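These numbers were taken from a predicted model, which means no experiment stands behind them. Protein chains get the first letters and strands the later ones, always in sequence-line order, with residue 1 at the start of each.
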Protein chains: 2
Amino acid sequence: MSDGVEWVIHSCTVLAALPDGQALPAAKLAEFHGVPPAYLAKHLQAAAAAGIVRSEPGPRGGYRLARPPAQVNLLDITLAVDGDGTAFRCTEIRQKGPIGAPASIYRRPCSIARAMWRAEDAWRAELAATTIADLLGDLLVSVPAQVLQAGAEWVRAVEINRRRAPS
Amino acid sequence: MSDGVEWVIHSCTVLAALPDGQALPAAKLAEFHGVPPAYLAKHLQAAAAAGIVRSEPGPRGGYRLARPPAQVNLLDITLAVDGDGTAFRCTEIRQKGPIGAPASIYRRPCSIARAMWRAEDAWRAELAATTIADLLGDLLVSVPAQVLQAGAEWVRAVEINRRRAPS
DNA sequence: GTCCCTATACTCGGATAGCAAGTGTCCGAGTATAGGCGG
DNA sequence: CCGCCTATACTCGGACACTTGCTATCCGAGTATAGGGAC
C-alpha cells in the first residue's frame with residue numbers, strides 16, 4: 001500500500017478541523033506533516049479527481065473537503081489514492097495447462113478468487129465504517145489539549161500570513 | 001498482491017487432491033497450471049519455509065502438503081508468499097512537522113493506524129476462515145466430472161513416468 | 001472619492017527522472033534410485 | 001541367486017539479471033488579489 005494513503009488521510013483530518021470556509025494549500029499541508037510537498041500534491045490531485053477534496057486555484061486557494069467529514073470514509077480515500085483495482089487478480093489459470101478447460105465450461109469465478117474477494121469485501125466494509133468525522137472525534141479526546149491548541153495556532157498563523165499583502 | 005499467491009493456492013489444492021503418499025515436483029505443478037516453472041518454485045520455497053508444504057529431494061521427490069488440508073487456510077499461504085508485514089505502514093507523521101509531539105506523549109497508536117489495522121484484521125479473519133479442504137470440496141462439485149477425471153488421469157500418467165526406469 | 005485596469009504572486013495540474021521491489025531465470029548441492037558387479 | 005557398490009538422473013535451494021510500478025520532482029496554465037491610475 002502506498003504511503004500516500006496515510007498522508008491523504010491525515011490531510012483530510014486536518015482539512016476537516018479547519019475553520020469554516022478556509023482552504024489550505026498542499027505545500028502547507030506537507031509542511032504541517034513533514035512530508036515531501038510535491039509528492040503529497042500528487043496524491044491530493046487523485047483525491048480531488050475522486051471528489052473527496054475540492055481544489056481552488058490562485059491566492060487564498062488550496063484544498064478543502066468536498067463533503068461533510070461524516071460523508072468521507074477511509075475506503076473512499078484508499079481507493080482514490082491506491083486505485084480501485086482489487087489486490088488479488090485472478091489470472092484464470094484453470095483455463096491454462098494441459099487440462100485447462102475453456103471459460104464457457106465454468107459458470108462462476110473459481111472458488112479461490114471468490115474467497116480472496118470475499119476477504120477484500122470484509123476489508124472494504126471495515127474501512128467504509130470509519131469516517132473522517134470519527135477520526136476527528138478520536139483525536140479531540142486522545143491528543144493532549146496543548147498539542148491541539150498549538151495546531152490551531154499554527155493554522156491561524158498560516159491564514160494571517162495569507163491575508164497579509166504580498167508586498 | 002503477488003501473482004505467486006494465486007499459484008501457490010492452486011498448487012496446494014492440487015497437492016491436497018493427490019493420492020496418499022504421492023509427491024509432485026515443482027516443474028510438474030508449473031506445467032499443470034501453465035506458469036513459469038522456476039518462478040513457481042521460488043514461491044513454493046517460501047511455502048516450505050513457512051511449514052505449509054514439505055519438500056523432498058531426489059528422484060520420487062517433490063512437494064506435498066505438510067498438514068491435513070483442513071489445517072491449511074488461505075491466510076497462512078498469503079502471509080508465507082507475500083510476507084507477513086501489514087499492508088498499511090504507520091510512519092508516525094504525527095511526530096513530525098512543526099507541531100509534532102514526541103512519542104512519549106501518546107499512549108496508543110494513532111486512530112488512523114488503528115482503523116487501517118482493524119480493516120486488515122477483518123481481511124485476515126476472512127482468509128483464515130477458508131481452508132484448502134473447503135476449496136477442494138467446492139471444486140469437486142463445481143468442476144465438470146470430465147475435467148476432474150482428466151486431471152486425475154494426468155496425475156496418474158506423471159506418477160507412472162516417474163516409476164519408469166531412467167534408462 | 002470611486003471605479004477600472006494592470007501587474008503580481010500564488011495556486012493547482014500534468015509531464016518528467018530515479019529507484020526499489022517484485023518478476024523471472026539460472027546453476028550448484030544433495031539424495032534416492034537403478035543397474036552392474038562380486039561373492 | 002543374493003547383497004553391495006557405484007554411477008546416474010532427478011529433486012530442491014539459493015544466488016543472479018531484468019522490468020514494472022511506486023517515489024519524488026519540476027515547470028507551465030490559470031486565477032483572485034493588491035496597488036496604481038484615470039475620471
Side-chain angles (χ1 to χ4, degrees), chain A residues 1-8 11 15 21-31 33-50 52-64 66 81-83 85 87 89 91 158-159 161-167, chain B residues 1-8 11 15 21-31 33-50 52-64 66 78 81-83 85 87-89 91 158-159 161-167:
Chain A
M1 180 178 299
S2 171
D3 291 342
V5 174
E6 181 187 13
W7 302 351
V8 173
S11 297
L15 292 180
Q22 181 172 350
L24 211 54
K28 288 297 173 183
L29 280 169
E31 177 188 348
H33 292 115
V35 298
Y39 193 31
L40 174 61
K42 180 182 180 66
H43 290 306
L44 286 174
Q45 286 175 27
I52 295 172
V53 297
R54 192 72 184 165
S55 66
E56 306 207 1
R60 305 288 311 281
Y63 286 98
R64 69 187 68 203
V81 175
D82 254 20
R89 295 173 301 258
T91 58
V158 168
E159 187 66 3
N161 285 339
R162 281 157 62 87
R163 289 185 186 279
R164 223 169 36 183
S167 70
Chain B
M1 181 179 297
S2 172
D3 291 341
V5 173
E6 181 187 14
W7 302 351
V8 172
S11 296
L15 292 181
Q22 179 172 353
L24 210 54
K28 289 297 175 185
L29 279 169
E31 177 188 347
H33 292 114
V35 298
Y39 194 30
L40 174 62
K42 180 183 180 67
H43 290 306
L44 286 174
Q45 286 174 26
I52 295 172
V53 296
R54 193 73 183 163
S55 66
E56 307 207 359
R60 306 287 314 279
Y63 286 99
R64 67 185 70 202
T78 302
V81 175
D82 254 19
F88 178 84
R89 294 174 300 258
T91 58
V158 168
E159 187 68 2
N161 285 339
R162 280 157 65 86
R163 289 186 188 278
R164 219 168 40 183
S167 71

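A:Val53 places none of its side-chain heavy atoms less than 4.5 Å from the side chain of A:Val8. Counting only heavy atoms from C-beta outward, the side chains of A:Pro25 and A:Arg162 approach each other to under 4.5 Å.
As rounded to whole Å, 19 Å separates atom C1' of C:dG24 from atom NE2 of B:His33. Per the geometry, CG belonging to A:Asn161 stands 17 Å off P belonging to C:dA9, to the nearest Å. Whole-Å rounding puts the A:Arg54 CZ to C:dC12 P distance at 14 Å. Here the P atom of nucleotide D:dT11 and the CD atom of B:Glu159 are 11 Å apart, to the nearest Å. In this structure, the CD atom of A:Glu6 is 17 Å from the P atom of D:dC22, given to the nearest Å. Here C:dC10 presents its P atom at 17 Å from CG of A:Leu29, a figure rounded to the nearest Å. One interatomic measurement links the two molecules: CD of A:Glu56 to C1' of D:dT33, which rounds to 14 Å at whole-angstrom precision. Distance, A:His43 NE2 to D:dC22 P: 10 Å, rounded to whole Å.
Within the 3.5 Å criterion, the main-chain N or O of B:Met1 finds a donor-acceptor partner in the side chain of A:Arg89. In this structure, the side chain of A:Glu6 engages the main chain of B:Thr91 through a donor-acceptor pair within 3.5 Å.
Two residues, A:Pro59 and A:Met1, neighbour DNA chain D, and the one matched to the more 5' nucleotide by heavy-atom proximity is A:Met1. Residue B:Gly61 is the one, among A:Arg60 and B:Gly61, whose nearest nucleotide of DNA chain D lies closer to the 5' end (criterion: closest heavy atom). Nearest-nucleotide positions on DNA chain C for B:Asp82 and B:Leu40 put B:Asp82 closer to the 5' end.
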Item to complete: Please test A:His43 against A:Ser2 for side-chain contact (heavy atoms from CB on, under 4.5 Å), starting from the C-alpha separation and ending with a verdict.
Response: CA-CA 10 Å; A:His43 290 306; A:Ser2 171; 3.8 Å; yes
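Distances shown here put a side-chain N or O of A:Arg162 below 4.0 Å from the OP1 or OP2 atom of C:dT11. For A:Tyr39 and D:dT23, the shortest distance from a side-chain N or O to OP1 or OP2 is below 4.0 Å.
Considering only the side chain of A:Ala26, C:dC12 comes nearest among C:dT23, C:dC12, D:dA9.
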Just the atom pairs and distances: protein N or O near nucleotides 13-17 of chain C's N or O, under 3.5 Å.
residue, atom, partner, partner atom, Å
C:dG13, OP1, A:Ser55, OG, 2.8
C:dG13, OP2, A:Tyr63, OH, 3.0
C:dG13, N7, A:Gln45, NE2, 3.3
C:dG14, N7, A:Gln45, OE1, 3.2
C:dG14, N7, A:Gln45, NE2, 3.4

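Among residues two or more places apart in sequence or in another chain, the side-chain contact (heavy atoms from CB on, under 4.5 Å) test is passed with B:Arg54 by B:Arg64, B:Ala66. Annotation: side-chain contact (heavy atoms from CB on, under 4.5 Å) contacts of B:Ala30 (sequence neighbours excluded): B:Val35, B:Pro37, B:Leu40.
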